[in-house]
2 protein chains.
Amino acid sequence: MEPRWLTDDEMAAWLRLVAVVELLPGVLDGQLRRDAALTHFDYHVLAMLSEAPQRTLRMTELATRTNATLPRLSHVVRRLEERGLVERAPCPYDGRATNARLTADGWAKVRETAPGHLATVREHVFDALTPEQVSQLEAIAGAVLERLDPEGRVAVGIEAAARRRG
Amino acid sequence: MEPRWLTDDEMAAWLRLVAVVELLPGVLDGQLRRDAALTHFDYHVLAMLSEAPQRTLRMTELATRTNATLPRLSHVVRRLEERGLVERAPCPYDGRATNARLTADGWAKVRETAPGHLATVREHVFDALTPEQVSQLEAIAGAVLERLDPEGRVAVGIEAAARRRG
DNA sequence: GGTCATCGCTTGTAGCTACAAGCGACTGGG
DNA sequence: CCCAGTCGCTTGTAGCTACAAGCGATGACC
């Protein structure tokens, strides 16, 4: 294997991208853990449920939208269920499937947590960017995402979310 | 707290960015674990050492350049030392400090691992982007990085790396 | 030169994720 | 029917990271 090395521009972009990818999850986790005792992934799960019809989704579908493996989601949902934020019930139409549903407490949790999380996202990302850079970022992240996720598993979730928003 | 919600453009960019941030580490880890039994963070540590003078760095400096906490680095370097890729020695000038140095085996490991890693980076990131997008990405990631890392700890490492490259 | 705060690093514990194995439910061919 | 194969999900184990406490070395100050 004899690949071409990165150009200076590519290397500069790469070092910064790697730093962002390592730091951003920590910042998001930190704020949510302090203010709501939630992981960013926990929040993602609750948020996806909160936008679903009946605030209910099958585990497999929820795993797709949160971009998680099924074992990981299973552990996380079990912990959220122990805290009363989510409840699970077997699907009436398919005995193999499990439906996860947001409880009233879970719904309240999402609504009281969202503003702080949103403020963090603004502060650390969008306040630093011009409107032009926001659309550049959308194009860049979209292009990279296609390479990272060839089957479009995550993209499906994004499109579905966009559709629900009208 | 009454923040303004995200615009449609911002939301689209955000969903894609979150997906990239969650998927990219897994892809990098996966390739390196399969091909070299290394975490991406392990590789980052070895790579930073391989570029340093004498292939040696103090733990604190290495932590800055790899964007890690000191306890995390300590555990990782201990494991790398057990595998013979790195060795540690007390700093002769400051009895508190520890120098980490790449061994011959570690140097060989980096050289045989770099091409595959580089190919993965190209395949999943830069092959998807135009040259214009690469420089846009550098600007965007740089701007976000300033917000994520106000003291510029990581930025120092990046600048230092750039300086070494001339 | 004694005392105290700080530095640099290590170690211990708790919690989360990945991987693999396992279990019941469903489905299609004979 | 029955049986093999698959699906959907859960559970168990190993490994990594975060946080906090701890330890020796150093430097500032009197």
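Chain A is the first sequence line, chain B the second, and so forth, proteins listed ahead of strands; every chain is numbered from 1. Given the structure is predicted, the values throughout are model-derived calculations rather than measurements.
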* Contact class for B/Ser74 (heavy atom, under 4.0 Å): base, sugar-phosphate, or nothing? -> base
* To do: Determine the contact category for A/Arg33: base if any of its heavy atoms lies under 4.0 Å from a base atom, sugar-phosphate if only primed atoms, P, OP1 or OP2 are that close, otherwise nothing.
  =>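 Contact class for A/Arg33: none.
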Output the rounded distance in Å from [atom1] ([X]) to [atom2] ([N]).
X       : N      : atom1 : atom2 : result
B/Leu32 : D/dG15 : CG    : P     : 19 Å
A/Leu62 : D/dG8  : CG    : P     : 15 Å
B/Arg72 : C/dC16 : CZ    : C1'   : 14 Å

* To do: Would you check if B/His40 and A/Val18 make a side-chain contact, meaning some heavy-atom pair closer than 4.5 Å?
  =>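 Yes, close enough: below the 4.5 Å cut-off.
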* Taking the side chain as every heavy atom from C-beta outward, state whether B/Val121 and B/Gln31 have any pair of such atoms under 4.5 Å apart. =>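 Answer no - side chains too far apart.
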* Does A/Arg65 use its side chain to pair, donor to acceptor, with the backbone of A/Glu61 at less than 3.5 Å? -> no
Provide a list of protein-nucleic acid N or O atom pairs under 3.5 angstrom, restricted to nucleotides 20-27 of chain D.
unit_1	atom_1	unit_2	atom_2	d
D/dT26	OP1	B/Gly95	N	2.8

* To do: Select from A/Ala97 and B/His75 the residue whose nearest nucleotide in DNA chain D is closer to the 5' end of that strand.
  =>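 The residue whose closest nucleotide sits nearer the 5' end is A/Ala97.
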* Where each residue is assigned the nucleotide of DNA chain C containing its nearest heavy atom, which of A/Phe41 and B/Arg88 is assigned the position nearer the 5′ end? ->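 On the 5' side of the pair lies B/Arg88.
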* When you get a sec, tell me which of C/dA18, C/dT11, D/dT11 is the closest nucleotide to the side chain of A/Thr69? =>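 Within the option list, the nearest is C/dA18.
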* Should A/Arg79 be listed as having a side-chain N or O under 4.0 Å from OP1 or OP2 of C/dG15? -> no
